[in-house]
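A note on names: the letters A, B, ... follow the listed sequences, proteins ahead of strands, and every chain is numbered from 1. Values reported hereafter were calculated over all heavy atoms of this structure, with side chains retained and with hydrogens, waters and symmetry mates removed.
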There are 2 protein chains.
Amino acid sequence: MGETSGLGRAALVRDGVELGERDVGLLREIDVTGSVARASTNLGRSRARALTRIEELESAFGDLVERQRGGSGGGGSRLTDDATRLLNRYERLQVALSATAHVPETVLEGTVSSIAGELADVETSVGTVRGLHDGVSLGDLVQVRIGADSLTVLEPAADPDPDSTSARNHLSGIVAEIEPGETVFTVHIEAGGAIFRALVTEDSVDRLGLAEGCGVVLTWKATATRLTHEV
Amino acid sequence: MGETSGLGRAALVRDGVELGERDVGLLREIDVTGSVARASTNLGRSRARALTRIEELESAFGDLVERQRGGSGGGGSRLTDDATRLLNRYERLQVALSATAHVPETVLEGTVSSIAGELADVETSVGTVRGLHDGVSLGDLVQVRIGADSLTVLEPAADPDPDSTSARNHLSGIVAEIEPGETVFTVHIEAGGAIFRALVTEDSVDRLGLAEGCGVVLTWKATATRLTHEV
DNA sequence: GCACGTTGTATCGTAGATGATTCAACGAAG
DNA sequence: CTTCGTTGAATCATCTACGATACAACGTGC
């Protein structure tokens with residue numbers, strides 16, 4: 001009986017070829033060791049397989065590894081600039097996915113009341129909420145998902161003119177619980193019968209004087225709100 | 001020569017067992033058809049394999065499928081409430097991951113100038129930016145990633161008192177380009193020599209009167225900013 | 001009691017990915 | 001010219017996931 005945890009696996013795709021974690025590990029080790037041979041033995045993998053894999057990747061992504069046969073030390077390999085750019089891109093994707101998989105979420109349920117392009121309005125227990133959808137229809141029962149990292153907490157006094165910001169969804173509530181971290185706190189806010197979770201830095205907690213029972217205003221962007229069908 | 005695109009694959013993990021897209025497809029089809037037999041033939045899969053897979057999943061996630069052997073129609077199967085909850089959770093994760101994989105990003109480079117717990121300050125071309133890291137050290141060269149869906153755009157006049165909001169990073173710039181969508185626009189904003197990309201709804205573009213050359217203020221949360229090593 | 005379609009279970013075959021092994025080709029350094 | 005450790009390339013073995021198949025067990029309805 002373990003805890004259920006979410007997991008996001010990153011991959012970069014081009015021309016049907018998928019560059020995944022395993023490939024990134026190989027390229028990194030080549031970068032470090034300077035040869036495919038050393039890299040593959042260090043990783044406990046077959047050198048032949050590594051080479052054919054590199055050619056598969058290069059057929060889609062272009063030159064990644066400059067290989068030289070013969071020469072001082074017998075030869076060697078080094079990554080191209082394209083390859084390091086690709087690795088950097090993969091790293092960003094990986095971190096971003098891991099983050100959204102692990103960040104707390106708040107989930108609302110409701111029915112779709114209007115649709116305009118990629119956006120839809122949903123009637124929920126906290127009022128109508130706007131978010132991005134991917135093929136819902138009028139009247140559908142949907143889940144509304146808001147990541148804790150995209151909720152902004154404001155002092156009620158600073159409640160901004162809704163016409164002057166691009167954050168369209170907003171709502172007032174009271175702090176129900178503050179779950180401490182090292183310097184990042186998860187603040188639970190009760191609003192309209194639902195519990196919202198927002199990630200807030202320690203010094204924001206101090207600046208805003210957040211404490212249980214405090215009244216606050218929540219703001220978040222429609223484009224950070226995702227709608228999914230309810231099964 | 002194709003376009004490189006990012007991809008996020010969702011999975012729920014528990015006790016080492018991974019519930020992925022394939023499993024979700026099976027469970028969904030069982031829910032629809034009412035039997036493992038019909039589900040597996042509909043999906044072109046082996047019924048025997050489907051049953052053993054269900055048992056693997058249940059060994060980690062608990063009862064998912066109530067199977068009845070014999071009876072009217074020969075028997076049948078239906079999902080437990082836990083299973084539908086799991087499917088809903090998977091759907092949210094899947095949509096959230098796909099979203100962060102496809103949303104435009106803005107990337108800054110810089111060096112870490114201070115670290116406090118999960119947070120770190122990075123000196124970049126646009127000034128010092130605060131974000132979440134996962135094991136960086138002082139002086140490290142890092143990438144700063146901000147998803148376009150977590151950037152908030154404000155009118156300069158409405159620039160809020162930084163002490164009244166939990167959005168700590170903020171910056172002024174001018175609109176360089178507006179990339180239209182159906183109802184969601186991608187606004188490119190030049191600030192400090194860098195180009196920021198923000199997702200903004202059509203009516204926010206109207207309300208704020210956004211157009212090329214406009215001065216605006218960008219705001220985003222430190223907890224929506226991710227730092228990764230540069231390779 | 002019999003028919004029916006499902007679940008339960010075991011065995012076999014296949015396809016794809018991967019490692020293991022081997023040998024040739026290479027080219028700078030000494 | 002020889003040495004050296006690499007790249008290049010082919011072949012074989014292995015492992016794993018999966019489908020194919022077959023048969024028993026089950027229980028409701030006729």
Side-chain angles (χ1 to χ4, degrees), chain A residues 9 11 13 15-80 83, chain B residues 7 9 11 13 15-60 62-80 83:
Chain A
R9 193 165 291 128
V13 182
D15 294 346
V17 179
E18 208 174 299
L19 184 140
E21 190 184 14
R22 190 180 174 82
D23 303 311
V24 169
L26 177 60
L27 292 178
R28 283 243 163 77
E29 195 67 20
I30 291 173
D31 191 34
V32 171
T33 61
S35 91
V36 178
R38 277 190 293 272
S40 44
T41 60
N42 282 4
L43 298 173
R45 291 199 232 166
S46 159
R47 182 177 62 87
R49 189 79 193 95
L51 278 169
T52 65
R53 180 57 182 164
I54 288 174
E55 276 169 8
E56 285 172 29
L57 292 175
E58 288 186 326
S59 74
F61 290 93
D63 285 354
L64 298 176
V65 182
E66 282 173 9
R67 289 159 287 177
Q68 187 192 0
R69 153 159 89 168
S72 82
S77 300
R78 51 189 298 274
L79 299 189
T80 65
Chain B
L7 196 150
R9 194 164 290 128
V13 182
D15 295 345
V17 179
E18 207 176 300
L19 184 140
E21 191 185 12
R22 188 179 176 81
D23 303 311
V24 169
L26 178 60
L27 293 178
R28 283 243 164 77
E29 194 67 20
I30 292 173
D31 191 34
V32 170
T33 62
S35 91
V36 177
R38 277 190 293 272
S40 43
T41 60
N42 283 3
L43 297 173
R45 291 199 232 165
S46 159
R47 182 179 63 87
R49 188 81 193 89
L51 279 168
T52 65
R53 179 57 182 164
I54 289 173
E55 277 169 7
E56 284 173 29
L57 292 174
E58 287 186 326
S59 74
D63 285 353
L64 299 176
V65 182
E66 284 172 6
R67 288 160 288 176
Q68 187 191 358
R69 156 159 89 167
S72 84
S77 299
R78 51 188 298 273
L79 299 189
T80 64

Any side-chain heavy atom of B/V32 sitting closer than 4.5 Å to one from B/N42? no
More than 12 non-hydrogen atoms from neighbouring residues, nucleotides or ligands closer than 6.0 Å to CD on B/E56, yes or no? yes
Integer-rounded Å distance: D/dT6 P and A/I54 CD1: 14 Å
Rounded interatomic separation in angstrom, taking CG from B/L26 and P from D/dC18: 11 Å
Which atom pairs, donor and acceptor, lie under 3.5 Å between side-chain atoms of residues 63-74 of chain A and protein residues at least two apart or in another chain?
from, atom 1, to, atom 2, distance (Å)
A/E66, OE1, A/R78, NH1, 3.0
A/R67, NH2, A/E58, OE1, 2.9

Pick base, sugar-phosphate or nothing for B/G71, based on heavy-atom distances below 4.0 Å to the nucleic acid. base
Using salt bridge (charged side-chain N to carboxylate O under 4.0 Å, His left out) as the criterion, point out the one residue from B/R49, B/R28, B/R45, B/R53 that pairs with B/D23. B/R53
How would you summarise protein contacts on nucleotides 8-20 of chain C per nucleotide, using B for base, S for sugar-phosphate only and - for none, with heavy-atom distances below 4.0 Å? BBB-------BBB
Are A/R9 and B/E18 close enough, and set up right, to give a salt bridge (charged side-chain N to carboxylate O under 4.0 Å, His left out), and what steps lead you there? CA-CA 12 Å; A/R9 193 165 291 128; B/E18 207 176 300; 3.1 Å; yes
